Amino acid sequence: MALLIPFVFLAYIVLYAFAFSIPPAASWLGVGHAQHVQEPLQDSFESWLVEEEKIALDKLLANVAPGGRNVQDAAPGSVIASPSREHPNYFYQWVRDAAITTGTLVDLYADDTSSPLASELSSLLDDYAELQDKIQHTSNPSGTFSDLSGLGEPKFEADGTPFVGSWGRPQRDGPALRAITLMAYLRAYNTSHPSLWDSDNADDWFQPFYEASMPPNSMIKADLEYVAQYWNQSGFDLWEEVQGLHFFTVMVQLRALREGSDLALAFGDHGAADWYAQQASHLTDFLHNFWDEAKGHLVETLHSSRTGLDCGLLLGSLHANPSSYVSHEAIYPPHSDEILLSLLYLVQDQRARFPINSSPSATSPDEDAEILQGTGLGRYPEDVYDGYGTDARGGNPWFLCTSSAAEILYRTATHLSSSSNSTLTITPRGLPFYEALLSSSSLVPEAGKTYGSSDALFHSVIERLRDAGDEFLDVVRVHAEAGGALSEQFDRVTGFERGARDLTWSYGALIQAVRARRAGA
Ligand code: NOJ
Ligand code: NOJ
């Protein structure tokens with residue numbers, strides 16, 4: 001980590017100058033906001049990205065113990081959601097936030113397991129695993145370890161003790177996300193330390209057991225058993241507000257069980273491998289319920305009075321479809337019609353909803369509605385959480401949702417351009433997305449047609465996907481604080497940051513979007 005410091009220091013100076021030349025409020029006044037400009041973004045965007053990626057890693061690690069400057073008093077291995085201890089108090093470890101952002105650290109570790117950064121990260125990852133093992137066994141208001149019900153507890157104190165206040169519990173995405181992160185670490189670790197599989201501490205991670213006895217005796221197995229046993233029971237959504245069955249939760253549960261089945265097989269635990277595969281196939285069937293034909297998009301929660309458009313749809317696609325380790329048929333991947341349409345309609349809603357998103361150059365609201373351009377995205381249309389409490393006038397855009405939209409677009413571009421003979425078939429279902437994407441071009445996509453590398457439209461789609469991804473990240477740039485800090489939200493009217501400061505997940509989502517951009521470059 002010491003190596004990072006000089007970089008980050010330089011970055012501060014550069015960004016400082018930057019942020020002052022384009023204050024967030026400028027976007028409100030319609031000045032200096034690059035998101036409506038059709039030409040490629042300037043060099044300043046590229047250099048911002050390079051610096052912001054380093055700043056994001058530094059600030060993410062500041063929220064991870066031991067060693068993080070914001071978490072001196074937290075248990076080793078804890079990842080706090082934000083250093084903010086009041087207004088709002090986010091000084092807790094959420095199982096979801098911690099698993100997702102630790103997953104980003106695993107990706108960085110896996111890039112080059114012999115790098116100095118990787119050895120720093122490896123010790124943090126070991127601490128994370130050790131603390132999660134302890135947390136799994138901690139009785140809490142959701143239940144205990146003996147029947148696994150306690151694994152549905154969404155958040156713990158920074159010292160690893162249970163949080164006993166009232167809360168939206170249980171949340172059933174946590175164990176799935178934690179298993180995904182631990183399995184990814186195990187795979188990455190194993191590429192450089194092939195002896196792990198039979199070493200003593202492998203038992204803490206995954207251990208076969210051949211009777212259907214409870215509780216399981218290892219970390220990943222406990223999470224997988226929880227998912228396999230409880231996935232069809234309702235719980236709170238990723239935003240901790242509504243009880244029901246949720247797209248994001250089901251998507252990550254499916255990935256956990258599929259990869260868990262592979263892992264069980266590798267350990268010779270055939271009973272578990274079959275059981276997880278069986279549940280995964282039920283989950284695959286069940287997922288089709290989230291497509292709403294009448295609405296023409298996916299919905300986040302079944303039988304809900306909301307529209308169902310939700311940033312959780314984007315996150316579900318991203319977190320259930322790994323960009324590496326692809327051993328199963330993708331389900332609702334970023335490039336699927338269903339995800340791209342849901343993104344389009346969410347973007348259209350949020351453009352119209354938040355003043356900072358309105359385009360000063362549009363001559364009519366219709367003109368604005370039919371395009372796909374960088375937009376500050378919030379969680380969902382009906383949101384009223386303003387980062388501190390309830391605001392009946394509505395919520396705000398979130399950094400992590402805006403970055404996730406960029407990641408969806410980059411990954412779609414990479415998918416299309418990755419193989420030399422890849423093609424794009426425009427279906428009647430997917431047509432509105434491609435029309436909106438190409439609205440500023442003279443090329444007109446046609447339903448039922450297949451385009452390949454000899455077609456201009458194919459190349460325009462890829463280029464426009466990448467440019468649109470950049471426009472979303474440029475919204476992050478415009479609203480980031482001087483010094484590159486990212487909070488949870490930015491104000492829908494003034495554009496200034498709101499809500500918990502230095503949100504760990506905001507940094508993780510930015511890093512993932514930048515990685516996805518680079519992967520397709
Ligand atoms: C509120 C968000 O809705 C939830 O997803 C998150 O886990 C917590 N904040 C902590 O960041
Ligand atoms: C029995 C299997 O053998 C075991 O490994 C599996 O995970 C459980 N059933 C499910 O609880």
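Since this is a predicted model, take the numbers as computed values, not measurements. Just so you know, ligand 1 is whichever comes first in the structure, and atom 1 is the first atom listed for that ligand.
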I'd like to check which ligand 1 atoms, numbered from 1 as shown, lie under 4.0 Å from a non-hydrogen atom of [X].
{"X": "Asp97", "result": "6 (C), 7 (O), 10 (C), 11 (O)"}
{"X": "Arg96", "result": "4 (C), 5 (O), 7 (O)"}
{"X": "Tyr90", "result": "1 (C), 9 (N), 10 (C), 11 (O)"}
{"X": "Trp505", "result": "5 (O)"}

Of all the non-hydrogen atoms in the protein, which one sits nearest to [atom], and at what distance?
{"atom": "atom 4 (C) of ligand 1", "value": "Leu238 O, 3.5 Å"}
{"atom": "atom 8 (C) of ligand 1", "value": "Trp94 CE2, 3.8 Å"}
{"atom": "atom 3 (O) of ligand 1", "value": "Arg379 NH1, 2.8 Å"}

**Item:** side-chain contact (heavy atoms from CB on, under 4.5 Å) partners of Val347, counting only residues at least two apart
**Value:**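 side-chain contact (heavy atoms from CB on, under 4.5 Å) list for Val347, sorted by chain: Leu343, Arg351, Leu372, Thr375, Leu377, Phe472.
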
Cut-off 3.5 Å, side chains only: do [X] and [Y] have a donor facing an acceptor?
{"X": "Glu488", "Y": "Tyr90", "answer": "yes"}
{"X": "Arg518", "Y": "Tyr410", "answer": "no"}
{"X": "Tyr380", "Y": "Arg306", "answer": "yes"}
{"X": "Asp383", "Y": "Trp239", "answer": "no"}

**Prompt:** With Ser336, which residues qualify under side-chain hydrogen bond (donor to acceptor under 3.5 Å, both in side chains), at least two apart?
**Reply:**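 Listed in chain order: nothing, the list is empty.
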
